[in-house]
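Bear in mind the structure is a predicted one, so any value in this text is a computation, not a measurement.
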Amino acid sequence: MKSGFLTGGCLVLAGLLLQWSIGAVSWKWLAWPVNGFALAIFLAVIVAVHFFRRKIKFFRFLSTREAAIPTLVFAVALTIVMGLTRQINWPFVLIYACLAVILGLVILRQIKTATAKLSIAFPFGQRPLVVNCQLSIILHLGLFIALTSAALGSADVQRLKMIASVGVAETRAFTSEKIVKELPFNIELQRFILEKYDNGTPKRFASEIRVLTRSGKAIQTTVEVNKPIEVEGWKIYQNGYDTKMGTNSRISILELVCDPWLPVVYIGIFLMLVGAFFMIFSNIPLKKTMKAVRNHPKRAFFLSLLVIFVFFLVHHFMPILHSKTLVPALQSAWFVPHIVAYMAAYTLMGTATVIALYRLATNSDSTVEDRLVGIGFGLITIGMLFGALWAKEAWGHYWSWDPKETWAAITWFAYLIYIHYRQTPRHNRRVARWMLLVAFALLQMCWWGIRFLPSALGASVHNYAV
């Protein structure tokens, strides 16, 4: 893997030189049609590298785990830096671009392998051979589509805010830089609604609006948190109100988002969800598990107690799970599946960590933690993607590198490094278990540690402030 770390180090150095010479990254450079041409060139480069991989050793190396693991390590390190500073810099962009190239090459190689295996397995009915290969393709393809389309499409996303007043038809909104934009329709706030709990915290706030398009079509509707509406390619979200006036507020703050690349990103998210579900089920050997329980009842009882204890801790330290005064942002159908997926994943990762500690102390071997991590990783993926879909419904963006989202990505990549390292032929078992401990420490940072970071104080939407 020395070559992989050397390649990553050169990319980081090149990124620093770019940072010092031309300044910070500006996504405006990739606005349409530049991003369309960039995508075509990027895909052509990946296909060319795949085609010449047999002639050029470095091209062949890029599609291996020895190239992927160091790139993932650099991705984790640079994402941690971004999580602390909240700044996207050139080394970060170059490493993620390299990761996308590796993904593309792995997908092409896996498609070729799957085709060959299918021709071998078809007459003999060797289904597991083909299914495992297809599972890997789905996961990698979903990540590749989501990563590239989200990065290239970010320049085309328009995010505007409008201060709507009761009885006034408004066609203007403004960007985060306070630049005024004209909309293809006007919005008239007819009534603002605010409901509160007995303790005075907001229970629900919504805006009854009338939208009139240029074609003369009138739309009468209500916009509230987690329930946006779509008009002519724009989604309108309930963002805020005059908190000083409260229930007497005469204005409503609306957010309008136009994201033309969103359908492509959703395709990538859907493929990742499918791959995550398959990953969970492929790591549950029901017959072997039941046999292990019968042969080792004490060990199974100990693990059961451990799982129950971890669940109790999760429930105890997350009182929001049984709160009766949820803020509007949490009142969503995504709330339960998002939290439950993460709770189950944290439990499995905690159990795998305890087993890894035991194996380190006794210097014994086992693959139990690998299966637990496989299932837990699938659940973390599902929880993270459910959170992205929920964020799009609540706030208008599926990923904004919020501190919580940043550390969720760090945790996800850390466990991905462990999974890939364990699949390398020459891996060191003790090193792998230490990697598992580091990944669990990062998970704790994602779960509750970020509340102590200066970069997250008052900046994270996961504070659920109104």
Side-chain angles (χ1 to χ4, degrees), residues 15 24-47 75 78-79 82 86-104 107 138-161 173 175-177 179 181 183-184 228-237 239 255-275 381 384-402 405-406 408-409 412-413 461:
V25 178
S26 177
W27 294 112
K28 294 179 180 179
W29 300 339
L30 291 175
W32 182 264
V34 175
N35 48 14
F37 287 117
L39 178 60
I41 294 171
F42 185 66
L43 294 176
V45 168
I46 291 175
V47 172
L78 291 173
T79 307
M82 195 187 70
R86 302 203 70 193
Q87 293 180 357
I88 297 179
N89 49 42
W90 275 106
F92 176 88
V93 172
L94 292 182
I95 286 295
Y96 270 75
C98 180
L99 186 61
V101 170
I102 293 172
L103 271 172
I107 291 166
I138 291 172
L139 279 169
H140 286 104
L141 182 61
L143 180 58
F144 178 81
I145 292 174
L147 193 63
T148 53
S149 57
L152 293 173
S154 61
D156 294 328
V157 177
Q158 297 185 65
R159 190 179 302 278
L160 309 174
K161 283 192 177 181
T175 66
S176 57
E177 294 85 13
I179 301 173
K181 299 283 187 179
L183 296 169
I229 66 163
E230 186 168 357
V231 179
E232 296 189 351
W234 289 81
K235 276 199 171 183
I236 304 173
Y237 296 84
N239 185 265
E255 186 164 20
L256 300 97
V257 180
C258 179
D259 188 354
W261 288 69
L262 184 61
V264 184
V265 177
Y266 275 174
I267 290 173
I269 290 176
F270 173 75
L271 290 174
M272 289 181 70
L273 281 172
V274 172
T381 304
M384 184 172 65
L385 295 176
F386 280 177
L389 295 171
W390 182 7
K392 184 62 181 175
E393 185 181 79
W395 301 310
H397 52 72
Y398 47 82
W399 198 269
S400 62
W401 294 107
D402 174 86
E405 296 169 354
T406 301
W412 192 79
F413 278 127
V461 294

- [ ] Mind running side chain to side chain contact (heavy atoms under 4.5 Å, CB included) on V93 and W27 for me, showing each step along the way?
- [x] CA-CA 11 Å; V93 172; W27 294 112; 4.3 Å; yes

Open item on the list: Before you tell me yes or no, could you show the steps for H397 and V157 under side chain to side chain contact (heavy atoms under 4.5 Å, CB included), namely the whole-Å CA-CA distance, both residues' side-chain angles and the distance that decides it to 0.1 Å?
Closed with: CA-CA 10 Å; H397 52 72; V157 177; over 6 Å; no

Task: Stepwise side chain to side chain contact (heavy atoms under 4.5 Å, CB included) test for V265 and D259 - done: CA-CA 10 Å; V265 177; D259 188 354; 5.8 Å; no

TODO: Decide side chain to side chain contact (heavy atoms under 4.5 Å, CB included) for W234 and L160; before the verdict, give the C-alpha distance in whole Å, the side-chain angles of both, and the deciding distance to 0.1 Å.
DONE: CA-CA 10 Å; W234 289 81; L160 309 174; 3.6 Å; yes

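Between the CZ atom of R159 and the SG atom of C258 there is a distance of 11.0 Å, given to the nearest 0.5 Å. Between the CG atom of L141 and the CD1 atom of I107 there is a distance of 5.0 Å, given to the nearest 0.5 Å. Here the straight-line distance linking atom NZ of K161 with atom OG1 of T175 works out to 11.5 Å at 0.5 Å rounding. Once rounded to the nearest 0.5 Å, the distance linking CD1 of I269 with CZ of F386 reads 11.0 Å.
Among all heavy-atom pairs drawn from I138 and L271, the shortest one is CG2-O, 3.0 Å. In this structure, T148 and A100 approach most closely via the heavy-atom pair CG2-CB, 4.1 Å. Taking all atoms of both residues into account, the shortest heavy-atom contact from Y237 to V257 is CE1-CG2, 4.0 Å. Smallest separation of non-hydrogen atoms from A31 and A155: N-CB, 3.5 Å. Nearest heavy atom pair, residue W412 against residue M272, reads CZ2-CE, 4.0 Å. Considering every non-hydrogen atom in both L147 and L103, the closest pair reads CD2-CD1, 4.4 Å.
With hydrogens and angles ignored, the 3.5 Å screen pairs no side-chain donor or acceptor of Y266 with any backbone N or O of L389. Between the D156 side chain and the W32 main chain, a donor and an acceptor come within less than 3.5 Å of each other. A side-chain donor-acceptor contact under 3.5 Å links N35 to the backbone of L30.
Residues S400 and E405 are in side-chain contact: their nearest non-hydrogen atoms beyond the backbone lie under 4.5 Å apart. At a threshold of 4.5 Å between non-hydrogen side-chain atoms, the residues V45 and V101 do not count as touching. C98 has its side chain within reach of I102: a pair of non-hydrogen atoms, C-beta onward, lies under 4.5 Å apart. Between D402 and W395 the shortest side-chain heavy-atom distance does not fall below 4.5 Å. L139 places none of its side-chain heavy atoms less than 4.5 Å from the side chain of L143.
Taking the six-membered ring wherever Trp is involved, the centroid distance between the rings of W399 and W401 falls below 6.0 Å. Taking the ring centroids of Y96 and F92, they lie under the 6.0 Å cut-off.
For F270, the CZ atom counts as loosely surrounded, since its 6.0 Å shell holds 12 or fewer non-hydrogen atoms of other residues, nucleotides or ligands.
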